[in-house]
Amino acid sequence: MTLIESHPDGVTVDDVNEVRYHDRDNTAKIRRIVAVEPLADGLKQTLNKRLQK
């Protein structure tokens with residue numbers, strides 16, 4: 001696997017997985033992730049629900 005381009009804010013796939021499965025209450029990181037334009041809508045909805053709790 002070859003990295004083609006990094007996200008300008010430094011959001012990585014590892015960040016997303018960390019928030020999804022381990023650091024579920026890290027609202028600052030969740031906000032950074034949901035701001036990523038190409039993020040899948042379903043994942044954005046899931047993470048936005050966590051922010052509403």
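Along the sequence shown, residues carry numbers from 1.
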How far does CZ of Arg20 sit from CD1 of Ile30, to the nearest 0.5 angstrom?
11.5 Å

Give, for atom CG of Leu39 and atom CG of Leu47, the distance between the pair rounded to the nearest 0.5 Å.
7.0 Å

Keeping to residues at least two apart or across chains, list the side chain to side chain donor-acceptor pair (under 3.5 Å) pairs with something in residues 36-46.
none

Name all residues meeting the side-chain hydrogen bond (donor to acceptor under 3.5 Å, both in side chains) criterion together with Asp23; count only those two or more places apart in sequence or in a different chain, and write none if there are none.
Asn26

What residues, two or more places apart in sequence or in another chain, satisfy side chain to side chain contact (heavy atoms under 4.5 Å, CB included) together with Thr27?
Arg31, Leu51

If we ignore hydrogens and angles and just use 3.5 Å, is the side chain of Arg32 paired with the main-chain N or O of Ala28 as donor and acceptor?
no

Lys29: salt bridge (Lys or Arg N to Asp or Glu O under 4.0 Å) partners, not counting sequence neighbours:
Asp15, Glu18

